[in-house]
Amino acid sequence: MADDATAGRGDFIRQIIREDLEAGRHQRIATRFPPEPNGYLHIGHATAIHLNHGIAQEFGGTFNLRFDDTNPAAEDEEFVESIQADIRWLGCDWEGRLHFTSDYFPQLYEYACELIRREKAFVCDLSSEEMFERRGTLTEAGGESPFRGRSVEENLALFAGMKNGESKAGERSLRARIDMGSSVLPMRDPVIYRVVEANHHRTGAEWCVYPMYDFAHCLSDAIEGITHSLCSIEFVDHRPLYDWFLEQLDLPEPRPRQIEFAKFFITDTVLSKRNLRRLVEEGAVEGWDDPRMPTLAAFRRRGVPPKAIENLCRDVGITRSAKTIQLAQFDHHVRAVLNEEALRFMGVLRPLKVVIENYPEGDGEQLDAVNNPQDPGQGTRKVPFSREIWIERDDFLEDPPKKFFRMSPGREVRLRYAYLVTCTEVVKDASGEVVELRCTYDPETRGGDAPDGRKVKGTIHWVSAPHATTAEVRLYDHLFDREDPNDVPDGQDFFASLNPDSLETLHDVPVEPALASAPEGAAFQLERTGYFAFDPESKPEALVLNRTVGLRDTWAKVAKKG
RNA sequence: UGGGGCGUCGCCAAAUGGUAAGGCAGCGGCCUUUGGAGCCGCCAUUUGCAGGUUCGAAUCCUGCCGCCCCAACCA
């Protein structure tokens with residue numbers, strides 16, 4: 001368990017923590033994951049969740065979940081629920097330590113008053129436009145607010161008035177008195193409280209003023225006894241402010257320490273909440289959990305195992321450099337986990353009828369198939385076989401190229417777990433399209449092995465036509481048609497990169513009957529085709545399958561080369 | 001432009017002054033009742049560039065170059 005923490009050096013954050021422990025700066029470790037409930041969690045959040053949770057576990061510390069709900073205009077209970085479900089799904093347990101920044105509103109208000117008393121904060125009547133005018137630029141200092149010199153009494157009274165609803169939104173704000181000449185922009189007398197006229201998802205209309213992130217975050221960390229406040233790299237510039245509030249308010253040591261790391265991006269998708277929201281609201285997808293989305297909810301629905309996400313995060317590591325992971329690396333981890341765990345079944349996506357002419361008419365027979373070749377412990381099952389079967393249209397070529405090992409006229413091929421068969425006749429309709437194949441089978445090859453030891457290169461999957469159950473199969477592909485969806489001509493946005501073929505729905509797909517009794521949450525492989533999971537809409541009598549990811553397809557590469 | 005962060009293979013990443021790990025992708029081959037999986041091999045004479053220090057530098061110093069972040073009453 002403590003491997004990462006004690007064995008190797010670990011990432012730079014774990015190194016810092018180990019040093020803090022060794023130096024006696026901390027007796028125990030406490031981390032937190034602080035999402036704002038204004039959207040669904042996506043793959044980019046997974047690193048932060050696993051980092052915070054993993055560190056707590058490895059160092060015997062605690063991991064809190066804290067909703068940073070300081071902006072009621074943007075936040076919603078729906079997201080509070082979804083975020084918890086997603087974190088639980090990832091396997092990260094906050095063990096009941098569920099907090100909301102809004103829980104601390106009374107205390108934060110008191111801290112703000114204390115700042116006023118210490119002449120470190122003042123009520124400012126400047127509008128945001130006026131503030132903008134005085135903010136200065138990257139190279140020039142800003143100008144001080146004319147309200148910066150108000151007395152403690154006046155500030156206290158004014159702030160109390162704001163709290164009691166005597167100011168409209170935008171009329172007044174509470175600002176920290178720091179330094180308008182600072183080259184660190186967040187230090188230029190930042191607003192720390194503003195009036196918001198909106199219903200808060202937890203506190204309703206109780207508050208008229210809400211703290212800003214910079215003020216609320218460090219203090220919430222301190223209140224919870226967080227030792228290491230891990231956040232993403234764009235907050236580096238805010239660290240002086242984080243420390244400033246804690247110092248001004250004389251919070252006891254050891255104070256929480258902010259450490260930044262880089263989140264990762266992933267190719268072939270967009271990841272900002274704003275863009276994901278647009279996809280949902282403008283109907284490019286069917287919802288936050290549409291399996292084409294990069295949200296955790298979507299991955300869950302698509303059948304991605306949470307273990308794959310954990311492994312990906314570990315593989316990518318924790319650093320401070322900006323990174324964009326190729327989708328292939330993500331897919332690799334998904335396949336790696338699924339290869340070990342997924343049950344195998346057979347299903348024929350694009351069926352072509354095959355009649356085995358020398359096979360007896362009737363009910364056919366039951367053949368043995370292995371449930372998971374990676375794990376014999378998962379046993380075997382019976383698969384019905386009969387005179388009429390479906391095979392994949394792609395598995396037949398009337399005039400095959402050199403390296404095509406599947407079915408073609410006169411060539412012997414193996415039906416997985418069944419028999420060696422040879423195509424004897426190609427039946428076509430009036431337009432010349434192949435509509436049926438006639439074959440003969442070798443009765444001596446039951447199970448797929450020839451007693452005379454002859455080699456058969458190709459093995460294809462099949463489903464007995466009279467025994468088949470049918471399913472709806474949803475084949476998901478990349479939502480976008482390029483690695484960087486934002487790489488579009490001027491005047492266009494990422495909607496121009498949408499892949500029109502990102503979803504293909506197949507109906508009446510014949511699958512082997514055993515699939516209907518597979519466990520509800522099971523991940524499974526349709527042999528030679530890909531990994532799938534049941535959609536939540538799926539019912540035993542109306543199966544709906546989502547393709548999680550396809551199998552690696554080296555034949556596609558060979559075929560492409562000609 | 002002031003401040004800050006970051007530059008090691010196509011994409012990630014290790015290295016903590018001792019002579020450039022590993023993964024993904026790619027490319028060859030073996031094996032295979034999934035063209036899956038597995039196995040073997042190839043894939044950075046060099047770490048953004050230029051100098052310097054040192055017996056020795058991706059690591060230390062100096063100077064350049066490039067990319068990214070910051071001017072919400074968002075987080």
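Just so we're clear, the structure is a prediction, and the values are computed from it rather than from any experiment. Just so it is clear: chains get the letters A, B, ... in the order the sequence lines come, proteins before strands, and each one is counted from 1.
- Under the 6.0 Å distance and 45° angle rule, A:K323 does not count as a cation-pi partner of A:F264.
- A:F12 and A:F261 have their aromatic ring centers separated by at least 6.0 angstrom.
- If you take CZ of A:R14 and C1' of B:A14, they are 15 Å apart, rounded to a whole angstrom.
- Every residue two or more places apart in sequence or in another chain that forms a salt bridge (Lys or Arg N to Asp or Glu O under 4.0 Å) with A:R202 is listed here: A:D103.
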Evaluate the criterion side-chain contact (heavy atoms from CB on, under 4.5 Å) for residue pair A:F265 and A:I325; output intermediate values, then yes/no.
CA-CA 6 Å; A:F265 293 94; A:I325 305 304; over 6 Å; no
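- Phosphate proximity of B:A13 to A:T319: present, with a side-chain N or O under 4.0 Å from OP1 or OP2.
- Between A:I325 and A:E140, the residue anchored closer to the 5' end of RNA chain B is A:E140, taking for each the nucleotide with the nearest heavy atom.
- Nucleic acid contact for A:D331: none, since no nucleic acid atom lies under 4.0 Å from a heavy atom of the residue.
- A:T324 comes within 4.0 angstrom of the backbone, heavy atoms only, and of no base.
- The side chain of A:K323 contributes no N or O atom lying less than 4.0 Å from OP1 or OP2 of B:C6.
- Looking at heavy-atom distances under 4.0 Å, A:R406 makes contact with a base.
- B:C6 and B:A15 are spaced 16 Å apart, taking the P atom of each and rounding to whole Å.
- Among residue pairs with one or both ends in residues 65-75 of chain A, those qualifying as salt bridge (Lys or Arg N to Asp or Glu O under 4.0 Å) are A:R66-A:D221, A:R66-A:E224; sequence neighbours excluded.
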Per-nt protein contacts along nucleotides 36-42 of chain B (heavy atom under 4.0 Å; B base, S backbone sugar-phosphate only, - none) come out as BS-----
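- When each of A:D11 and A:N372 is assigned the nucleotide of RNA chain B with its nearest heavy atom, A:D11 is the one assigned upstream, toward the 5' end.
- When each of B:U1, B:G3, B:U16 is scored by its nearest atom to the side-chain atoms of A:Q15, the top-ranked nucleotide is B:U16.
- A search for salt bridge (Lys or Arg N to Asp or Glu O under 4.0 Å) contacts involving A:E392 returns nothing, not counting sequence neighbours.
- Here the separation of B:U45 from B:C40, taken at their P atoms, is 25 Å to the nearest Å.
- Under the 3.5 Å distance criterion, with hydrogens and angles disregarded, no donor-acceptor pair is assigned to the side chains of A:H333 and A:N311.
- With sequence neighbours excluded, the residues satisfying side-chain contact (heavy atoms from CB on, under 4.5 Å) with A:C124 are A:F122, A:L126, A:M131, A:S145, A:F147, A:S173, A:R175.
- Taking the O4'-C1'-N9-C4 or O4'-C1'-N1-C2 dihedral as appropriate, B:A72 has a value within 90° of 0 and is therefore syn.
- Residues A:Q374 and A:N372 have side chains that never bring a donor and an acceptor to within less than 3.5 angstrom of each other.
- A sub-4.0 Å separation between OP1 or OP2 of B:U34 and a side-chain N or O of A:H461 is absent.
- One C1' atom belongs to B:C27, the other to B:A14, and the distance between them is 24 Å to the nearest Å.
- With C1' as the reference atom, B:G63 and B:C73 are 43 Å apart, rounded to whole Å.
- Heavy atoms of A:F215 sit nowhere under 4.0 angstrom from any nucleic acid atom.
- In this entry the distance linking CZ of A:R188 with P of B:G2 reads 13 Å, nearest Å.
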Salt bridge (charged side-chain N to carboxylate O under 4.0 Å, His left out) for A:R172 and A:D125? Distances and angles first, verdict last.
CA-CA 5 Å; A:R172 277 203 242 273; A:D125 296 358; 3.2 Å; yes
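- Using cut-offs of 30° and 60° for the angle between ring planes, the A:F105 and A:H200 rings count as perpendicular.
- Out of B:U34, B:C12, B:C27, the shortest distance to the side chain of A:R416 is found at B:U34.
- Taking atom P in both B:U59 and B:C49, one finds a spacing of 11 Å when rounded to whole Å.
- The phosphate of B:U32 has neither OP1 nor OP2 within less than 4.0 Å of any side-chain N or O from A:K457.
- With a cut-off of 3.5 Å on both Watson-Crick or G-U wobble distances, the partner of B:G7 is given as B:C65.
- Across B:C61 and B:G17, the matching P atoms stand 13 Å from one another, rounded to whole Å.
- B:C42 and B:C24 have their P atoms separated by 16 Å, with the value rounded to a whole Å.
- In this structure, A:K560 atom NZ and B:C27 atom P are separated by 10 Å, rounded to whole Å.
- The gap from the P atom of B:U54 to that of B:A71 amounts to 46 Å, rounded to the nearest Å.
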Encode nucleotides 68-75 of chain B as B, S and - characters from 5' to 3', where the letter depends on protein heavy atoms closer than 4.0 Å: B to the base, S only to sugar-phosphate, - to neither.
-BBBSBSB
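- For an aromatic pair to be called close, the ring centres must be under 6.0 Å apart, and A:Y531 with A:F524 fails this.
- Look at A:R320 and you won't find any side-chain N or O under 4.0 angstrom from OP1 or OP2 of B:G5.
- Pair check for B:G36 finds none; no Watson-Crick or G-U wobble contact set falls under 3.5 Å.
- In this entry the distance linking NZ of A:K455 with P of B:C31 reads 10 Å, nearest Å.
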